[in-house]
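Have a look at the structure below before the remarks.
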Amino acid sequence: MGFQTEMVVMSIKEIGYSDENALLELLLTYKALGDEDALGNCSTSGCAPLRVEHGDDLDFESSNGDDDASDTQPSSGDCGDENFIRKMSEKDKKINPLVHMGFSENDANMAITRCGMDADLSVLVDSISASLVARDFDLSNHQVMNRCSDSFRGTKKIRLMEDRKKKRKRYGGTAHGNQIFLDGSHYEHMPPPNPMVGFSLPNYSQLSVDRKIPKKAIGRPFFYYENVAQALTGVWATISSSLYGIQPEFVDSKHLCAAARKRGYIHNLPIENRAPLLPLPPKTILEAFPRYKKWWPSWDTRTQFNCLRTSVACQQLTGSIGALARTGNPPPRNIQKDIIKQCKVYNLVWIGKNKVAALEPEEIEYLLGFPKDHTRGLAITNRYKSLGNSFQVDTVAYHLSVLRGMFPNGVTVLSLFTGIGGGEVALHRLGIHMRTVVSVEIDKTSKRIFRGWWDQTQTGTLIEFDDVKSLTDAKVASLVTRFGGFDLVIGGSPCNNLAGCNRYSRDGLEGKESVLFYEYPKILEAVEDAMSRM
DNA sequence: GTAATCATGAATCTTAAA
DNA sequence: TTTAAGATTCATGATTAC
């Protein structure tokens with residue numbers, strides 16, 4: 001194994017992709033393909049900083065020599081591998097008929113890499129066709145991820161196939177993703193790393209990350225997309241393939257604050273020299289809320305909250321838990337277990353002797369990194385809902401912190417699905433001036449909260465749109481011209497149809513609300529096109 | 001009409017045990 | 001290594017209260 005190949009495998013393993021054999025197979029395939037895609041290499045060890053010129057016109061370019069794709073290639077020391085030769089021979093047999101059908105050799109190669117050597121010809125044709133109608137993506141990373149899961153064997157693979165069958169049945173085979181990838185490659189598994197620590201965390205040693213960003217996606221406009229980490233199988237592969245195949249950064253905010261929040265982030269931001277918001281937020285329940293220590297029973301061993309969601313426990317439940325807690329001092333073990341289980345599900349706190357309650361909205365604001373009373377003025381159910389749908393500010397700010405040095409004169413932001421402004425609060429707390437924010441948010445109560453915060457804290461320009469669908473290419477181009485382009489396109493699209501706690505309509509990316517995801521890459525592309533013409 | 005309340009599993013991941 | 005059990009999850013719709 002060449003040194004560089006080994007390094008890549010180790011790097012990917014460290015961030016959670018554990019099938020070394022699959023990776024080796026992939027790298028051999030890469031070698032065979034010659035990997036004509038010019039990959040931008042943004043590894044932690046090899047990424048030079050982006051050059052930024054400030055002035056009337058901003059010009060960004062990579063200076064890390066990414067025109068030379070050989071930096072990312074495996075060494076040539078494995079050419080004699082018999083297995084490799086055999087694979088290439090088999091591959092040629094697959095490629096030839098496809099080339100005769102009029103597809104390019106490269107497209108055929110890519111399809112085989114995506115679908116696997118055993119895929120039927122019809123499946124390969126479908127895959128190539130899908131690729132051609134899709135955007136001009138660099139799918140290199142997507143291949144890496146898919147190939148990792150292609151290596152599933154035995155029962156796991158059978159289970160995966162069964163899952164796919166279930167989904168096809170459930171979605172009727174008409175889902176957005178299904179229509180494009182009939183080979184099912186979008187349903188490939190993309191397991192989040194364990195522990196879910198992303199590419200780096202404050203006060204932790206930097207992980208070794210081999211992160212590739214296609215050349216087209218390097219630099220301005222920077223983009224930052226967010227959604228729930230534990231979506232249905234295949235969702236993140238689809239999201240990733242729609243965003244240049246960039247590998248998601250999965251982070252559980254429990255590593256930065258006192259509440260879990262497992263989210264995936266796809267972005268083209270540099271990952272070196274990140275800095276957290278200070279002061280660092282408390283990471284345990286009792287550090288965050290010391291007043292509860294007086295009533296917290298020793299047998300309730302929780303130290304952190306689970307995910308803060310859009311609804312909270314009803315009074316009947318908290319009342320019945322109190323009754324259970326009074327069954328003994330302490331209550332019997334089995335009762336303790338039941339109580340803790342409910343407390344975990346609903347994030348209950350001990351506010352008195354044998355008395356539990358749901359967190360107050362201002363406590364959730366605090367845990368999520370928002371200013372006190374950020375959502376005050378809304379009905380309480382709307383406060384819970386809007387907060388449950390928002391970013392964890394410290395987490396997002398940590399990722400966005402790299403913008404501070406790049407844009408000392410402030411940023412122009414296109415904010416999609418703004419909500420109550422988690423991204424903007426993060427930028428503000430980082431001390432990054434927002435010259436202009438074009439905000440798109442359809443919910444009136446969230447808009448009210450965001451507008452109120454903006455008026456109190458900001459001096460820049462706020463432009464508001466209601467519906468992402470109203471943002472046509474022409475309108476985007478007009479905004480780009482008016483504001484000199486965007487420095488950051490940020491947003492997390494609706495998770496309603498992805499979230500695990502949705503019992504009624506967890507329909508995936510083609511669900512009623514979550515389908516709006518597709519507006520994000522569409523608008524991002526419109527921004528990039530308009531900016532390329534500037 | 002609006003807001004509050006409450007009951008409603010399953011997909012997926014993690015951990016423990018065989 | 002495989003299997004089983006446990007744990008977690010940016011929610012939704014029907015009903016009730018105001």
Side-chain angles (χ1 to χ4, degrees), chain A residues 16 18-19 152-160 162-164 166-167 170-171 187 189-196 225-236 250-254 259-265 301-302 304-320 337-338 340-347 358 361 364 367-368 370 375 377-393 395-396 417 419-420 422-423 443-446 491-508 511-514 516-517:
Chain A
S18 56
D19 192 320
F152 274 58
R153 296 288 184 269
T155 55
K156 280 188 180 176
K157 185 157 188 172
I158 292 167
R159 277 187 201 163
L160 193 58
E162 286 174 348
D163 286 347
R164 288 180 192 164
K166 278 186 197 170
K167 285 188 173 65
R170 183 174 177 181
Y171 303 144
Y187 287 128
H189 197 38
M190 188 180 280
N194 184 17
M196 199 182 284
Y225 174 81
E226 177 261 11
N227 216 319
V228 291
Q230 293 169 342
L232 290 164
T233 303
V235 163
W236 274 104
F250 290 109
V251 184
D252 188 339
S253 293
K254 74 177 185 181
R261 205 164 188 82
K262 298 180 181 67
R263 298 292 180 268
Y265 306 88
T301 54
R302 287 177 297 154
Q304 291 190 299
F305 293 111
N306 281 332
C307 185
L308 305 165
R309 305 206 302 266
T310 56
S311 58
V312 295
C314 59
Q315 291 167 5
Q316 284 193 7
L317 179 71
T318 55
S320 64
K337 198 176 168 185
D338 289 344
I340 291 173
K341 189 176 176 183
Q342 293 297 325
C343 287
K344 282 182 176 177
V345 170
Y346 292 101
N347 283 321
I364 296 177
L367 291 166
L368 292 178
F370 285 93
T375 58
L378 298 182
I380 192 168
T381 47
N382 283 334
R383 294 184 74 182
Y384 284 124
K385 186 178 178 185
S386 59
L387 285 163
N389 281 321
S390 70
F391 290 166
Q392 204 287 322
V393 171
T395 309
V396 172
F417 314 103
I420 56 173
D443 182 70
K444 286 185 172 56
T445 56
S446 293
S493 61
C495 67
N496 310 41
N497 309 117
L498 311 178
C501 48
N502 185 344
R503 305 180 182 194
Y504 299 94
S505 54
R506 197 182 186 196
D507 299 328
K512 187 182 170 188
E513 286 85 17
S514 296
L516 289 173
F517 155 73

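Quick note on labels: first sequence line is chain A, next is B, and so on, each numbered from 1. FYI, side chains are in, hydrogens and waters are out, and symmetry mates aren't considered; it's all heavy atoms of this structure.
Of all nucleotides listed (B:dC13, B:dA3, C:dA11), C:dA11 comes nearest to the side chain of A:Arg309. Distances from the side chain of A:Ile380 to the nucleotides C:dC10, B:dA4, C:dA11 place B:dA4 closest. Proximity note for A:Tyr346 (side chain, C-beta onward) versus B:dT8, B:dC6, C:dT9: the nearest is B:dT8. Among C:dT9, B:dT12, B:dC13, the nucleotide with an atom closest to any side-chain atom of A:Asn306 is C:dT9.
Rounded to a whole Å, the CG atom of A:Asp252 is 10 Å from the P atom of B:dT14. Computed from coordinates, the A:Leu516 CG to C:dC10 C1' distance equals 15 Å when rounded to whole Å. Across the protein-nucleic acid pair, A:Arg503 atom CZ and B:dT8 atom P stand 9 Å apart, rounded to whole Å. Rounded to a whole Å, the CG atom of A:Asn194 is 17 Å from the P atom of B:dT12. Computed from coordinates, the A:Lys337 NZ to C:dG6 C1' distance equals 8 Å when rounded to whole Å. Between the P atom of C:dG6 and the CZ atom of A:Arg302 lies a distance of 20 Å, rounded to the nearest Å. The interatomic distance linking A:Ile340 (CD1) with C:dG6 (P) rounds to 15 Å, in whole Å. Atom CZ of A:Phe250 and atom P of B:dT12 are 13 Å apart (whole Å).
Side-chain contact annotation: A:Ser505 with A:Asp507, donor-acceptor N/O pair under 3.5 Å absent. A donor and an acceptor atom, one from each side chain of A:Tyr225 and A:Ser493, are located under 3.5 Å apart. A:Ser446 and A:Ser386 share no donor-acceptor pair across their side chains, judged by distance under 3.5 Å alone.
Contact annotation for A:Ser386: no contact, since no heavy-atom pair falls under 4.0 Å across all strands. Using a 4.0 Å heavy-atom cutoff across all strands shown, A:Lys341 reaches no nucleic acid atom at all. Counting any heavy atom pair closer than 4.0 Å across all strands shown, A:Ala260 reaches sugar-phosphate atoms only and no base atom. As judged by a 4.0 angstrom heavy-atom cut-off over every strand, A:Lys262 is placed among residues touching the sugar-phosphate backbone only.
For C:dC10, its base sits under 3.5 Å from the side chain of A:Glu226 at one donor and acceptor pair at least.
Using a 4.5 Å heavy-atom cutoff, the side chains of A:Asn347 and A:Leu308 are in contact. For the pair A:Ile420 and A:Phe370, the minimum side-chain heavy-atom distance is below 4.5 Å.
In this structure, the side chain of A:Trp236 does not engage the main chain of A:Gln230 through any donor-acceptor pair within 3.5 Å. Not one N or O on the side chain of A:Asp443 forms a donor-acceptor pair closer than 3.5 Å with the backbone of A:Gly419.
When the side-chain nitrogen and oxygen atoms of A:Thr381 are compared with OP1 and OP2 of B:dA4, one or more of them lie within a distance under 4.0 Å. Residue A:Thr310 places at least one side-chain N or O under 4.0 Å from the OP1 or OP2 atom of C:dA11. In this structure, A:Asn502 does not reach the B:dA11 phosphate: none of its side-chain N or O atoms is under 4.0 Å from OP1 or OP2. Between A:Arg263 and C:dC10 there is a side-chain N or O to OP1 or OP2 distance below 4.0 Å. Within the 4.0 Å cut-off from OP1 or OP2 of C:dT12, at least one side-chain nitrogen or oxygen of A:Asn496 is found. Using a 4.0 Å cut-off, no side-chain N or O of A:Gln392 falls inside it from OP1 or OP2 of C:dC10. For C:dT8, the OP1/OP2 oxygens have no side-chain nitrogen or oxygen of A:Gln230 closer than 4.0 Å.
Between B:dC6 and C:dT9, the two P atoms lie 23 Å apart (nearest whole Å). Between the P atoms of B:dT5 and C:dC10, the separation comes to 24 Å (whole Å).
For A:Asn382 and A:Cys501, each mapped to the nucleotide of DNA chain B holding its nearest heavy atom, the one lying further toward the 5' end belongs to A:Asn382.
For the residue pair A:Phe250 and A:Ala229, the shortest heavy atom distance occurs at CD2-CB, 3.6 Å. Considering all non-hydrogen atoms of both residues, A:Cys307 and A:Arg261 come closest at SG-NH1, 3.9 Å.
Among the duplex regions that DNA chain B forms, those built from at least three successive Watson-Crick or G-U pairs under 3.5 Å are B:1-8 with C:11-18, B:10-18 with C:1-9, ordered by first number.
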